[in-house]
Amino acid sequence: STQSRLSAASDVYKRQNSHPVLLIGLAGCGKTQLCKGLLREISRKNPDAFQYLVINFNYYTDSMYLQNMLEQPLEKKAGRQYGPPGKARLIYFIDDLNMPQLDPYNTQTAIALLRQHADYGHWYDVVKLSLKDISNTLTIAAMNPSACLLYTSPSPRDRQKSRMPSSA
């Protein structure tokens, strides 16, 4: 049943520490509803432990907009450390990850910001040009591969530079 799948997904995600999750499926298969149901269930069962924020991407989403949205629920902890209020974990749900337009350099700045956060756990304050370490956050994203502007497969040259295995 849908409820048992939702419960199983909830248990797996709560045990999982910090790896981002990407759901890929065709339009109408229920990615968004599954994630929203999962987030409602997690925050209902543990309101002090989990919060969530839904961010919908569109063609015009860029890194400035995304960073503004990501920072809204965060508070300064100490030094350059930022996180959700209290000891809660904040789960970002990014819907339609594939939608932002490509810039003149064939990149998507919003996705580059998400990648920086996933890889390094920080991003930069665009006004002060200082580092902001972001803690206690998790990311779930959903996308439709058939409407994809997103390029994810590294070229053989990039694999060689980063010493990635050729099967990656």
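All values reported here derive from a predicted model rather than from experimental measurement. By convention here, the first residue in the shown sequence is residue 1.
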V126 with I55, same ILVMFWY side-chain cluster at under 4.5 Å: no
Cluster overlap L22 with L90, hydrophobic side-chain contacts below 4.5 Å: yes
A88: partners by side-chain contact (heavy atoms from CB on, under 4.5 Å), with sequence neighbours left out: Q51
Rounded distance (nearest 0.5 Å) linking atom CD of Q33 with atom CG of L38: 12.5 Å
Full working for side-chain contact (heavy atoms from CB on, under 4.5 Å) between R89 and T137: CA-CA 6 Å; R89 293 193 68 128; T137 63; over 6 Å; no
Partners meeting side chain to side chain donor-acceptor pair (under 3.5 Å) with T32 (sequence neighbours left out): D95
Sequence neighbours left out, cut at 3.5 Å: what donor-acceptor pairs do the side chains of residues 79-86 make with other protein atoms?
from	atom 1	to	atom 2	distance (Å)
R80	NE	D133	OD2	2.7
R80	NH2	D133	OD2	3.4
Q81	NE2	S135	OG	2.9

Partner residues of S43 under the side chain to side chain donor-acceptor pair (under 3.5 Å) criterion, sequence neighbours left out: none
Distance-minimising heavy-atom pair for P145 and G25: CD-O, 3.4 Å
Partners passing side-chain contact (heavy atoms from CB on, under 4.5 Å) against D125 (at least two apart in sequence or in another chain): V127, K128, S130, K132
Test item: D96 side-chain N/O and N58 main-chain N/O as donor-acceptor pair under 3.5 Å: no
Contact list for residues 112-122, test salt bridge (charged side-chain N to carboxylate O under 4.0 Å, His left out), sequence neighbours left out: R115-D119
Residues in side chain to side chain donor-acceptor pair (under 3.5 Å) contact with Q67, at least two apart in sequence or another chain: E71
Nearest-0.5 Å distance, CG of residue L23 to CG of residue L34: 6.5 Å
Side chains of F57 and L66 in contact at under 4.5 Å (non-hydrogen atoms): yes
Contact check, side chains of K36 and Y52, non-hydrogen atoms, under 4.5 Å: no
Sidechain-backbone polar pair: Y92 side chain, L70 backbone, donor-acceptor under 3.5 Å: yes
Listed partners of D62 passing side-chain contact (heavy atoms from CB on, under 4.5 Å), at least two apart: M64, Y65, T109
Partners passing side chain to side chain donor-acceptor pair (under 3.5 Å) against E75 (at least two apart in sequence or in another chain): K77
Student check: side-chain heavy atoms of L26 and N144 closer than 4.5 Å: yes
Connected hydrophobic set around L131, excluding itself, where side chains approach under 4.5 Å: Y124
Nearest atoms (heavy-atom pairs only) where N98 meets Q108: O-NE2, 3.9 Å
Side chain to side chain, M99 and T61, heavy atoms closer than 4.5 Å: no
